[in-house]
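Only one structure is covered here, and it is reproduced in the block below.
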Protein chains: 2
Amino acid sequence: MNYELLLREHHLKVTPQRLGILSLMVDAGHISVEDLFAQIKQEFSSISLATLYKNINAMLHNALIKEIKVPHMKPKYEVTKPPHAHLLCQGCNEFMDIDINVNALVDEASKKSHYQLLDSSIVLCGYCEKCQKQSV
Amino acid sequence: MNYELLLREHHLKVTPQRLGILSLMVDAGHISVEDLFAQIKQEFSSISLATLYKNINAMLHNALIKEIKVPHMKPKYEVTKPPHAHLLCQGCNEFMDIDINVNALVDEASKKSHYQLLDSSIVLCGYCEKCQKQSV
DNA sequence: GTATTTGCAAATGATTTGCAGTGCT
DNA sequence: AGCACTGCAAATCATTTGCAAATAC
């Protein structure tokens, strides 16, 4: 993925810190501020938390990235993708996208409520295959 | 609703503060810590924020109530109900339950992922009928 | 060259903790 | 009686802000 272009398309100047943030975020899929800071410090030992927060906010503002609020966890951030749902394993904390038909749900909600729906935030919680077996 | 019984069933002692919290939470449907504190102070002028937080955490721990994390807003709390979805209007901040078929979505996700799914957190965002008209 | 971004330090805001006194069962 | 709950004050943690120096365009 071309992160320079991605930043320019969203009217943000290209800086090494921002390229690093995007690259780590894409690699991780979803990442918390804390984890992102720990990882990016390995590349830019001088980066400050304030810079990280400012950049996350700038990217949120331009919808380059999206904040996902997860029950009982710190918020996570992902580079914006088409509507999808998330799965959280309460055993091992695995957190992943799942490709299911979100549209059907949104359409139904829209019809019933007469809302014009633009965005969805869906997290399904439970236990992954591995953790189900271990908990027996 | 019998709040005393509800507390006892969840192994929590009955105190006037807790009865007040539950009553306000049920009346509001969903409420933030801030709003809850403002409202409960009218009844118990001496209640402290620390007590409110401790009680919310105790009730969360026993699954008497549930935390709902809403994009761009402070978390809200509701007394536990059967699985459902939420609607948020980005114009007027109306926040409400919507009765749609969450099961279909959960089943699909479960089949695809082999997760055992126990809980869902669903917020759909957009504009209510009124706000759609006003924004023209 | 100008405007924006960075990194630091300090400020703010939200939530938690420790403790002494009070209330529930 | 004994343990849990309350309220206060202080502590902690996450995030934001102001500012001077550095960087992007």
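Chain letters run A, B, ... following the sequence lines, proteins first, then strands; residues in each count from 1.
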Heavy-atom distance under 4.5 Å between the side chains of B:K112 and A:I98, does that happen here?
-> yes
Do other residues, nucleotides or ligands put more than 12 heavy atoms under 6.0 Å from the [atom1] atom of [X]?
| X | atom1 | value |
| --- | --- | --- |
| A:K111 | NZ | no |
| A:H72 | NE2 | yes |
| B:K41 | NZ | no |

Between [atom2] of [N] and [atom1] of [X], the distance in whole Å:
| X | N | atom1 | atom2 | value |
| --- | --- | --- | --- | --- |
| A:L7 | C:dT4 | CG | C1' | 14 Å |
| A:M59 | C:dT5 | CE | P | 10 Å |
| B:L49 | D:dG7 | CG | P | 11 Å |
| B:E67 | C:dA14 | CD | P | 15 Å |
| A:M73 | D:dA14 | CE | P | 14 Å |
| B:N55 | D:dG7 | CG | C1' | 12 Å |
| A:N62 | C:dT5 | CG | C1' | 15 Å |
| A:H61 | C:dT5 | NE2 | P | 13 Å |

Name the orientation class of the two ring planes belonging to A:H30 and A:F95 (parallel below 30°, tilted from 30 to 60°, perpendicular beyond 60°).
-> perpendicular
Taking the side chain from A:Q132 and the backbone from B:H114, do they hold a donor-acceptor pair closer than 3.5 Å?
-> yes
Spell out, as yes or no, whether a donor-acceptor pair under 3.5 Å connects the side chain of A:S32 to the backbone of A:K74.
->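 The answer is no, because no donor-acceptor pair under 3.5 Å joins these two groups.
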Do we see a donor-acceptor contact under 3.5 Å between the side chains of B:Y77 and B:E67?
->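 Yes, side-chain donor-acceptor contact under 3.5 Å.
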Any side-chain donor paired with an acceptor under 3.5 Å for A:E94 and B:Y115?
-> yes
Please list, by residue number, the residues of residues 14-38 of chain A whose heavy atoms come closer than 4.0 Å to an atom of DNA chain D; answer none if no residue qualifies.
->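 A:V14, A:P16, in order of number.
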Given DNA chain C, 5'-ward residue of the pair B:K74 and A:K13, judged by closest heavy atom |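 In this pair, the answer is A:K13.
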Please determine if a side-chain N or O atom of B:N57 lies less than 4.0 Å away from the OP1 or OP2 oxygen of C:dT16.
-> yes
Shortest side-chain distance from A:R8, nucleotide among C:dT25, C:dT6, D:dC25 | D:dC25
Show each protein N/O and nucleotides 8-10 of chain C N/O combination with a separation under 3.5 Å, one pair to a line.
none

